[in-house]
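First up is the structure itself, then whatever we jot down about it.
Reckoned from all heavy atoms, side chains included, excluding hydrogens, waters and symmetry mates.
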Amino acid sequence: FQPTLDCSLDCMTKKQDTILSEALEEKGIFPKKDLESFLKEAASQGISLQQFLLSRNLVPEPELLKAWAEKSRLSYFDLRNASLERSAIEKVPVKVASYYKFVPLFLKGRSLSVAVATPLEVKTQDEIRTQLGLELEVHLSCAADIAESLKKYYGLAADTLQDIYAQSAALGRAAAQ
């Protein structure tokens with residue numbers, strides 16, 4: 001599947017939901033019938049399958065991410081006890097890490113390993129590559145661990161920027177309605 005340029009965010013969310021649903025079914029975490037029901041309910045609420053499952057505590061986030069990572073040919077990275085490379089942190093401005101909600105992990109030559117809570121779309125990876133001048137290697141990690149790592153390595157600035165981006169997104173949604 002190659003998204004067209006006019007593919008909306010909704011289209012991309014549906015693609016991600018389909019991949020996640022297939023991963024969870026293949027791993028035997030949920031039967032197909034349940035996943036179809038979850039997908040409908042998530043769509044009716046305007047949220048992703050990942051958000052739906054996690055908000056209802058239907059599956060532990062690491063288990064979900066490990067299945068999704070395997071299906072997406074990515075890897076799962078546990079940030080809880082990880083020590084990140086200072087050189088990777090220094091290559092990424094807090095504004096970029098907070099906006100795209102990722103944590104830089106390691107720097108190998110011109111390749112930066114990053115932790116995200118949801119697989120990045122190609123367009124988003126391209127934007128980050130352009131801003132940083134580095135290739136990306138994407139790993140999946142728990143959202144709370146990413147937020148905690150942003151605070152730990154970037155300090156209060158990461159929290160402030162995330163609040164600003166969240167408020168801006170909420171205003172944009174309100175203006176669109």
Side-chain angles (χ1 to χ4, degrees), residues 9 12-13 15-17 19-20 23 42 45-174:
L9 181 60
M12 299 313 293
T13 299
K15 177 186 171 197
Q16 293 284 19
D17 284 352
I19 294 168
L20 176 57
Q45 294 178 25
I47 60 176
S48 70
L49 178 60
Q50 179 185 23
Q51 291 169 315
F52 178 84
L53 295 172
L54 296 178
S55 69
R56 285 161 184 73
N57 295 313
L58 295 173
V59 62
E61 189 175 15
E63 187 176 352
L64 178 146
L65 292 174
K66 287 174 186 174
W68 202 357
E70 187 176 313
K71 178 75 175 177
S72 301
R73 294 184 182 95
L74 301 172
S75 63
Y76 173 78
F77 189 89
D78 188 347
L79 279 168
R80 287 175 294 174
N81 299 312
S83 179
L84 309 184
E85 284 183 8
R86 179 61 51 195
S87 61
I89 301 292
E90 291 170 355
K91 281 281 187 190
V92 180
V94 63
K95 182 172 92 175
V96 174
S98 291
Y99 181 79
Y100 292 106
K101 296 180 179 81
F102 73 83
V103 174
L105 303 172
F106 311 105
L107 187 61
K108 294 179 208 158
R110 303 292 309 153
S111 180
L112 178 69
S113 293
V114 299
V116 295
T118 303
L120 296 173
E121 298 299 334
V122 173
K123 180 182 179 217
T124 303
Q125 289 186 44
D126 288 343
E127 290 172 5
I128 297 168
R129 277 189 202 99
T130 300
Q131 289 187 42
L132 300 178
L134 298 167
E135 290 301 315
L136 291 182
E137 183 178 318
V138 177
H139 304 272
L140 296 183
S141 295
C142 295
D145 296 341
I146 290 170
E148 190 61 36
S149 291
L150 283 170
K151 281 186 234 172
K152 178 179 176 181
Y153 289 96
Y154 287 104
L156 187 58
D159 266 354
T160 303
L161 283 172
Q162 285 183 327
D163 290 345
I164 291 168
Y165 294 137
Q167 290 171 2
S168 175
L171 289 173
R173 285 191 300 273

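From Leu136, atom CG reaches atom CD of Gln125 across 6.0 Å, with rounding to the nearest 0.5 Å. Once rounded to the nearest 0.5 Å, the distance linking CD of Glu70 with CG of Leu74 reads 11.0 Å.
Here Lys66 pairs with nothing under the salt bridge (charged side-chain N to carboxylate O under 4.0 Å, His left out) rule; sequence neighbours left out.
Looking only at distances, a side-chain donor or acceptor of Gln51 sits under 3.5 Å from a matching main-chain atom of Ser48. With Tyr153 contributing its side chain and Leu84 its backbone, the two residues share a donor-acceptor pair below 3.5 Å. Within the 3.5 Å criterion, the main-chain N or O of Leu49 finds a donor-acceptor partner in the side chain of Asp17. Between the side chain of Thr124 and the backbone N or O of Leu120, no donor-acceptor pair lies under 3.5 Å. Ser55 places a side-chain N or O within 3.5 Å of a backbone atom of Phe52 that can act as its donor or acceptor partner.
When all heavy atoms of Ala143 and Glu61 are compared, the closest pair comes out as N-OE2, 3.0 Å. Residues Lys101 and Ile146 share a closest heavy-atom pair of O-CG2, 4.0 Å. Minimum interatomic distance between Leu105 and Phe77 (heavy atoms only, all atoms of both residues): CD2-CE2, 3.7 Å. Here the closest heavy-atom approach between residue Lys91 and residue Leu132 is recorded as O-CD2, 3.8 Å. Closest heavy-atom contact between Leu65 and Ala117: CD2-O, 3.3 Å.
Between Leu150 and Phe102 the shortest side-chain heavy-atom distance does not fall below 4.5 Å. Contact check for Gln50 versus Thr118: side-chain heavy atoms found under the 4.5 Å cut-off. Arg86 is listed as a side-chain neighbour of Ile89, based on a closest heavy-atom distance under 4.5 Å. Looking at Val114 and Ile128, their side chains never come closer than 4.5 Å, going by heavy atoms from C-beta outward. Contact of the Gln16 side chain with the Pro119 side chain is registered, since non-hydrogen atoms from C-beta on lie closer than 4.5 Å. Contact of the Pro93 side chain with the Tyr99 side chain is not registered, since no non-hydrogen atoms from C-beta on lie closer than 4.5 Å. In this structure, Leu140 and Trp68 have side chains that are in contact, with non-hydrogen atoms separated by less than 4.5 Å. In this structure, the side chains of Tyr76 and Cys142 come closer than 4.5 Å at one or more pairs of heavy atoms.
A side chain to side chain donor-acceptor pair (under 3.5 Å) check over residues 132-142, counting only residues at least two apart or in different chains, returns the pairs Ser75-His139, Arg129-Glu135, Glu137-His139.
Within 6.0 Å of CZ on Arg73 lie no more than 12 heavy atoms contributed by other residues, nucleotides or ligands.
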**Report entry** CA sep, side-chain torsions, deciding dist, call: Ser72, Ile19, side chain to side chain contact (heavy atoms under 4.5 Å, CB included)
**Finding:** CA-CA 8 Å; Ser72 301; Ile19 294 168; 3.7 Å; yes

Query raised in the report: Does the pair Leu64 and Leu58 meet the rule for a side chain to side chain contact (heavy atoms under 4.5 Å, CB included), with working shown?
Result: CA-CA 10 Å; Leu64 178 146; Leu58 295 173; over 6 Å; no

